[in-house]
Amino acid sequence: MKSIERKFKEIKGKKPWLSSHSHFVEAITGKRFSSKTMRIWFYKLVEKDDYDKSNKKEVLEYLESRLKPLRTEKNRG
């Protein structure tokens, strides 16, 4: 899916001082991508120095949690 790459580059252009990891998080947050698609683009776009490889599992779990839109509970009353 090229839309992750397109959004990533857009954010990178607007906020060049952020890390590639931060650009990626912002690009996928609240979007409906599959975990597989997210992981493919993560490895293509995020610089390897921007995350700790020993915590890669936790990093990917965090990114997966950002894919899901936030739930809002309607006030019953």
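Predicted, not measured: the structure shown is a model, and the values here were computed from it.
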Going from NZ on Lys12 to OG on Ser22, what distance comes out if it is rounded to the nearest 0.5 angstrom?
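Output value for this atom pair is 12.5 Å.
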
Calculate, to the nearest 0.5 Å, the distance between atoms OG and CH2 belonging to Ser3 and Trp41 respectively.
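With rounding to 0.5 Å, OG (Ser3) is 9.0 Å from CH2 (Trp41).
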
Worked verdict on Arg6 versus Glu10 for salt bridge (charged side-chain N to carboxylate O under 4.0 Å, His left out):
CA-CA 6 Å; Arg6 187 172 37 248; Glu10 178 185 316; over 6 Å; no

Show the nearest heavy-atom pair for residues [X] and [Y], with the distance to one decimal.
X	Y	result
His23	Lys15	NE2-O, 2.8 Å
Ile4	Ala27	O-CB, 4.2 Å
Ser20	Leu45	CB-O, 3.9 Å

Using a strict cut-off of less than 4.0 Å between a Lys/Arg side-chain nitrogen and an Asp/Glu carboxylate oxygen, indicate whether Glu5 and Lys44 qualify as a salt bridge.
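Salt bridge absent between Glu5 and Lys44.
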
Below 4.0 angstrom, N of the basic side chain to O of the carboxylate: do Glu26 and Lys7 qualify?
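Answer for the salt bridge query: no.
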
Transitively linked via ILVMFWY side-chain contacts under 4.5 Å: [X] with [Y]?
X	Y	value
Met38	Ile40	no
Val46	Leu67	yes
Tyr62	Leu18	no

When you measure from the side chain of [X] to the backbone of [Y], do you find a donor-acceptor pair of N or O atoms at a distance under 3.5 Å?
X	Y	answer
Thr29	Val25	yes
Lys53	Lys48	yes
His21	Val59	no

Near-ring test Phe42/Tyr51, centroid separation under 6.0 angstrom:
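Ring centroids of Tyr51 and Phe42 are less than 6.0 Å from each other.
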
Report the C-alpha separation of Ile11 and Phe24 in whole Å, then their side-chain angles, then the decisive distance to 0.1 Å, and conclude whether the side chain to side chain contact (heavy atoms under 4.5 Å, CB included) test is met.
CA-CA 9 Å; Ile11 294 164; Phe24 191 79; over 6 Å; no

